[in-house]
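Down below is the structure, laid out as structure tokens.
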Amino acid sequence: MSDALINGLAGAGGGIIAQLITYPLQTVNTRQQTDRDLKEKKKKLGTVEQICQVIKNEGWERLYGGLTPSLVGTAASQGVYYYFYQIFRNKAEAAALERRKMGVGDGSVGMLSSLLVAALSGCVNVLFTNPIWVIVTRMQTHKKSSKSQPGQELLTAPDEEILAAAEPPPFGTAHAIQEVYDEGGVFGFWRGVFPTLIMVSNPSMQFMLYETMLKKLKQRRALNKKGNNGITALEIFLLGALAKLGATVVTYPLLVVKSRLQAKQVTNGDKRQHYKGTSDAILKMIRYEGLYGFYKGMGTKIVQSVLAAAVLFMIKEELVKGARFLLTSKVKSKPP
């Protein structure tokens, strides 16, 4: 089994576990990002209050709206990203060693090379998986009618039966796919791909920061008198959290624009809430919402992203270690 495949599978496994843990926060955050209410006096609810509101008005299952395609998307994204990241990383390391033979550099992959490797991996990932995330955004932002409206407690049994029959079926993956296709055709599944491609700087920054901090930590451990340069799962967790925090703060406005484009568009009514493309969305947000509009829900996103990234890195590293240990054990157990 190649090193790239091990990293790809480990990344997919870690991504799924991180997604399951943080999904309710992700759903609330997507709703915060796509909130297009232009009233300045609208009461702003905190993350916990919004979670409680969703549970009360729509049911707890709406916090996990789009979970199935999201898990598929997470596994695909992490798998594709880590697979190509390892391939490009191996090529970068080979190139660095070649330069060292020519007397240039110390044979290690520099910060700029790490950034380029992560960016290329991110671009490949975006082009492959963008349709999945358009569907997930639609399902997360779809709002089910309240479970109970004022006055409904006075309804008679026949009225309740009529209401139950009139209630639309659950908004599932097939409904989201049909909605996207009806709205924009095949190209509708790649809405928001431009800001998403620019957003590859997020994992690029994340991995650059992560690997830089990890390298320095290993170097510091190597200088230890005991010679113990092993990194614990908790340290991996903290390094992943710090790396994701730095990357998220810088690239968050692009994430908001992407979510606005991928959510259901307002085709009639207030044209200020309808976005024709990336530039149109940016200009309308600046004009009608100000800079604040680009940072809606950032607090929720930081908590969700940092927690998810930290869990992802920790699980991935442990899975890679376990896989390598098993492979090494099998090789050693083979008779000569």
Side-chain angles (χ1 to χ4, degrees), residues 2-12 14-15 18 73-133 190 192-219 231 236 238-255 257-258 278 301 305-306 308-310 312-314 316-317 319-320:
S2 67
D3 202 42
L5 184 58
I6 290 175
N7 277 271
L9 293 175
T74 298
S77 294
Q78 297 299 334
V80 169
Y81 184 85
Y82 280 112
Y83 181 79
F84 283 97
Y85 179 84
Q86 194 62 43
I87 289 176
F88 294 142
R89 179 78 183 182
N90 291 340
K91 291 184 180 295
E93 289 175 349
L97 291 174
E98 286 296 324
R99 288 196 300 270
R100 183 181 180 183
K101 292 178 182 178
M102 298 171 60
V104 180
D106 60 356
S108 62
V109 179
M111 185 176 293
L112 183 60
S113 296
S114 294
L115 184 63
L116 180 61
V117 165
L120 287 173
S121 305
C123 287
V124 174
N125 175 38
V126 167
L127 294 174
F128 270 106
T129 63
N130 194 77
I132 300 175
W133 297 115
W190 273 270
V193 73
F194 183 69
T196 308
L197 282 171
I198 301 175
M199 276 180 60
V200 298
S201 58
N202 184 294
S204 299
M205 290 180 190
Q206 175 185 343
F207 277 91
M208 180 185 67
L209 291 170
Y210 172 73
E211 293 207 347
T212 300
M213 291 187 292
L214 183 61
K215 183 179 179 181
K216 289 187 175 182
L217 183 58
K218 285 183 176 179
Q219 288 175 345
I231 308 299
I236 294 293
L238 294 174
L239 289 179
L242 288 173
K244 189 61 177 182
L245 176 60
T248 298
V249 171
V250 175
T251 61
Y252 190 77
L254 286 170
L255 181 61
V257 173
K258 176 195 76 92
T278 303
K301 183 61 181 177
S305 293
V306 170
L312 166 62
F313 278 118
M314 182 178 68
K316 173 188 171 290
E317 293 296 333
L319 289 175
V320 169

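Heavy atoms only: backbone and side chains are in, while hydrogens, waters and symmetry mates are out. Here, residue 1 is the first one in the sequence, and each next residue gets the next number.
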Quick check with a 6.0 Å cut-off and a 45 degree axis cone: is K316 positioned over the face of Y82's six-membered ring? yes
Closest non-hydrogen atom pair, L254 against P195: O-CB, 4.1 Å
Test item: N90 side-chain N/O and Q86 main-chain N/O as donor-acceptor pair under 3.5 Å: yes
If you look at every heavy atom in A308 and A18, which pair is closest and at what distance? O-CB, 3.3 Å
Angle between ring planes, F84 versus F88, binned at 30° and 60°: parallel, tilted or perpendicular? tilted
Is any NZ, NE, NH1 or NH2 atom of the basic residue among E211 and K215 found under 4.0 Å from an Asp or Glu carboxylate oxygen of the other? no
Could you report the tightest heavy-atom contact between A76 and N125, atom names first, then the distance? O-OD1, 4.4 Å
Using every non-hydrogen atom in the two residues, find where A96 and S108 come nearest and quote the distance to one decimal. CB-O, 3.7 Å
Please tell me if the side chains of T251 and I198 come closer than 4.5 Å, counting only heavy atoms from C-beta onward. no
Validation row: V80, V124 side chains within 4.5 angstrom (heavy atoms): yes
Between W133 and S77, a side-chain donor and acceptor under 3.5 Å: yes
For the residue pair R89 and S113, establish whether any side-chain heavy-atom pair is separated by less than 4.5 Å. no
CZ on F194 to OG1 on T196, rounded to 0.5 Å: 10.5 Å
Nearest heavy-atom approach of M213 to L239 is CE-O, 3.5 Å
Closest approach of V320 to A10 (non-hydrogen atoms, all atoms of both residues): CG2-CB, 3.5 Å
Gap between atom CG of L312 and atom CD1 of I236 - 0.5 Å precision: 11.5 Å
Given side chains that start at C-beta, do those of F313 and L238 come closer than 4.5 Å, heavy atoms only? no
Between T278 and V257, is there a side-chain heavy-atom distance shorter than 4.5 Å? yes
